[in-house]
Number of protein chains: 2
Amino acid sequence: MGEKVTIATVARHAQVSRQTVSNVLNAPHIVREDTRQRVREAIAALGYRANQAARQMRTGRSRLIAVRIEPTRDGINGSVLDRFLHGLTETADAGGYRVLLYTARDDDQEIATYDALLGAYDLDAFVLTGTKHGDPRTAWLAEREVPFVTFGRPWDTPDAHPWVDVDGAAGTAQATRHLLAAGHRRIAFLGWPAGSGVGDDRRAGWRTTMAEVGLDSAAADRATEDGIAEGARELRTLLALDAPPTAVVCASDSLALGAWQAARETATDVAVVGFDDTPVAAAVGLSSVSQPLGEAAARCVELLTGLLDGQQRDPQLLLSPSLVLRHTA
Amino acid sequence: MGEKVTIATVARHAQVSRQTVSNVLNAPHIVREDTRQRVREAIAALGYRANQAARQMRTGRSRLIAVRIEPTRDGINGSVLDRFLHGLTETADAGGYRVLLYTARDDDQEIATYDALLGAYDLDAFVLTGTKHGDPRTAWLAEREVPFVTFGRPWDTPDAHPWVDVDGAAGTAQATRHLLAAGHRRIAFLGWPAGSGVGDDRRAGWRTTMAEVGLDSAAADRATEDGIAEGARELRTLLALDAPPTAVVCASDSLALGAWQAARETATDVAVVGFDDTPVAAAVGLSSVSQPLGEAAARCVELLTGLLDGQQRDPQLLLSPSLVLRHTA
DNA sequence: CATCGAGATTGGATCGTTCAAGGCGGCGAG
DNA sequence: CTCGCCGCCTTGAACGATCCAATCTCGATG
């Protein structure tokens, strides 16, 4: 098996200088057609691959993008990350970038990791999944002018940095409209305590849709921590109302699954729609709002590569989820 | 913000040569105690971080490990990868390595990716999740002496390369013993068609355990493709037997979920145990055999770093799964 | 025919690190 | 006293790419 093929090997083989080979790779338009052709053939014949380390040392860019992989919190909602990562990797590959993983227990440690990765590997960019109010991580990155995109809107200052997100309100609105069309009038919402951007957004979609058709919603609005048991508990309180709901829109599949199980236990016919279209929803036949994760990932990468290659494009993007109907609604 | 800190900056600050700084980092024992101390202080004071690209160019090693992220096949079983990846990333970080992702549609493309990654990034090692009979990927890697570990045994030639795996037979055996202890005698197995190493292994655990207590198992052995519908279908055929089983051990949570649903529909009391302890199992309360994924990942990394740093250790490792009891068994 | 200039090509320097070889002072042995 | 060795440190070169400035080529032009 041959000794390693460098740019010099290619140059010799194609009877040109190193610089010409480099130009063919990085600025093809300034090389004469036939020369370019000859160099390309030599590259193919020798199986030459540019050494990233050498390129990186000179240019300071690594063509590496970092993403955090989280400790699979819940399990039921956690597996969403999986699909996102896959999309990210695929799109990045297509653009000549690679995806590097990192973990962190908290924000401070995550910032320390940024520092380490930037220092040692010259990372080109970061993708953050989810942001919260007053996120220290985005501030740190922005201050140092490190390119990054978040999957999830910044809830305080909408234009602070590039982001891609899925329109949660549109998702719950769609679910609510579907239930209305099916004849339901008393439609409840099962969500998280006010204060989380994502949760409030999902609640808003339901509330405004109800208001649009002149239905009052205040009494049928529930807020609780995420979880199956919590979903079941809240559904029972809803059923205890004078005018119990005939359908429930939920902020997560965990809550939806709990609600569905509770409804079935009490032999009550209640339509349920979850959120995220997790494997669990698919497995038990739960209708759910599905996020276009692959597309979201692709857009994140496109935004980043656009940023890195200098071409500015619209740095904010809101995607629409779709409703997956199964047998619970 | 300061200009970049290189090894030369540290050397000047500590009043030594570049090489001495390098030695403190890579071979501390050959540097005198007080000098070492002085250099370490300078490193800390300046916030120096070794530039990976430069190091890599010289040594040909990148401290990068690649893992394939799969296209989330089923969904129900797919989310296992997530936990494995997290464990991998965490352990790798601790050992000073980073994890790089890649995708591939088929074996040929995967091999092409190996080539590309090795050529451009000087990858140190690969982690493969799952192997099949006569896997071309392991052959390719072995031929080129690229370090790699598989999560999953090679079924043809057990000692061909380093691997970590979970003892599937032990898992189904444990499940079967649990059911026996609970008084069951007619215990069926719901698995995949013979020929897949993993599937045959899981079946064997059940069969030998049954044989040990003198119970015949042939009639209650079912083989089908993976899936919820398939699990439900097979359970119905089992219930149609003259002596229907009172319990079923399954090769996957998909099959188990299908079986459980079918059993409940027909109002038959059948104990069900799944395999993999997926989020779905947790959500619906399905008992399942749980693989120690975090530990498996950690061992994979340890094996690799051991290999890379020259110290040989036992290159094959079989971990024991554990039975998670919920309310289906 | 000499000159010009645009475009293509060339050689040298450079990025930050590690490797290979060599220097220097002190200690023990001949 | 001298030599050799050893421990500790320093110097020069190299890894493979890109950037920069200088040079070459060649057709067009005065």
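These values consider heavy atoms only, across backbone and side chains, with no hydrogens, waters or symmetry-generated copies. In what follows, chains carry the letters A, B, and so on, assigned in the order in which the sequence lines appear, proteins first and then strands, with residues in each chain numbered from 1. Just so you know, these numbers come straight off a predicted model, no measurement behind them.
Between A/Arg18 atom CZ and C/dG12 atom P there is a gap of 9 Å when expressed in whole angstrom units. Between A/Ile7 atom CD1 and C/dG11 atom P there is a gap of 14 Å when expressed in whole angstrom units. We find that CD of A/Gln15 is positioned 10 Å from P of C/dT10, with the value rounded to whole Å. D/dC15 atom P lies 23 Å from atom OH of B/Tyr121, rounded to whole Å. Between A/Asn26 atom CG and D/dC19 atom P there is a gap of 7 Å when expressed in whole angstrom units. Rounded to whole Å, atom P of D/dC9 lies 19 Å from atom CZ of B/Arg12. Across the protein-nucleic acid pair, B/Lys4 atom NZ and C/dT17 atom P stand 11 Å apart, rounded to whole Å. In this structure, the CG atom of B/Leu25 is 12 Å from the P atom of C/dC19, given to the nearest Å.
Side-chain N/O atoms of B/Arg49 and base N/O atoms of C/dG16 include no donor-acceptor pair closer than 3.5 Å. At a cut-off of 3.5 angstrom, the base of C/dG16 holds no donor-acceptor pair with the side chain of A/Arg58. Side-chain atoms of A/Arg55 and base atoms of D/dT18 include no donor and acceptor less than 3.5 Å apart. Counting atom types as modelled, A/Gln19 pairs a side-chain N or O with a base atom of D/dC19 as donor and acceptor under 3.5 Å.
Contact annotation: B/Thr59 does not reach the phosphate of C/dT17 (side-chain N/O to OP1 or OP2, under 4.0 Å). Side-chain nitrogen and oxygen atoms of B/Ser17 include at least one within less than 4.0 Å of the OP1 or OP2 phosphate oxygen of D/dT10. Using a 4.0 Å cut-off, some side-chain N or O of B/Tyr48 falls inside it from OP1 or OP2 of C/dT17. For C/dT18, one of the phosphate oxygens OP1 or OP2 lies less than 4.0 angstrom from a side-chain nitrogen or oxygen of B/Ser22. When the side-chain nitrogen and oxygen atoms of A/Thr35 are compared with OP1 and OP2 of C/dT9, one or more of them lie within a distance under 4.0 Å.
Between A/Glu33 and A/Arg36, at least one side-chain N (NZ, or NE/NH1/NH2) sits under 4.0 Å from a carboxylate O, which counts as a salt bridge.
Side-chain atoms of B/Leu25 and B/Ser22, non-hydrogen and from C-beta on, never get closer than 4.5 Å to each other. With contacts defined as side-chain heavy-atom distances shorter than 4.5 Å, the pair B/Arg98/A/Leu101 does not qualify.
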task = Please lay out, stage by stage, how A/Tyr121 and B/Asn51 fare under the test side-chain contact (heavy atoms from CB on, under 4.5 Å).
result = CA-CA 7 Å; A/Tyr121 288 89; B/Asn51 180 318; over 6 Å; no
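Where B/Ala54 and B/Val31 each meet DNA chain D at their nearest nucleotide, the meeting point lying more 5' is that of B/Val31.
Under a 3.5 Å cut-off, the side chain of B/Arg144 and the backbone N or O of B/Trp140 do form a donor-acceptor pair.
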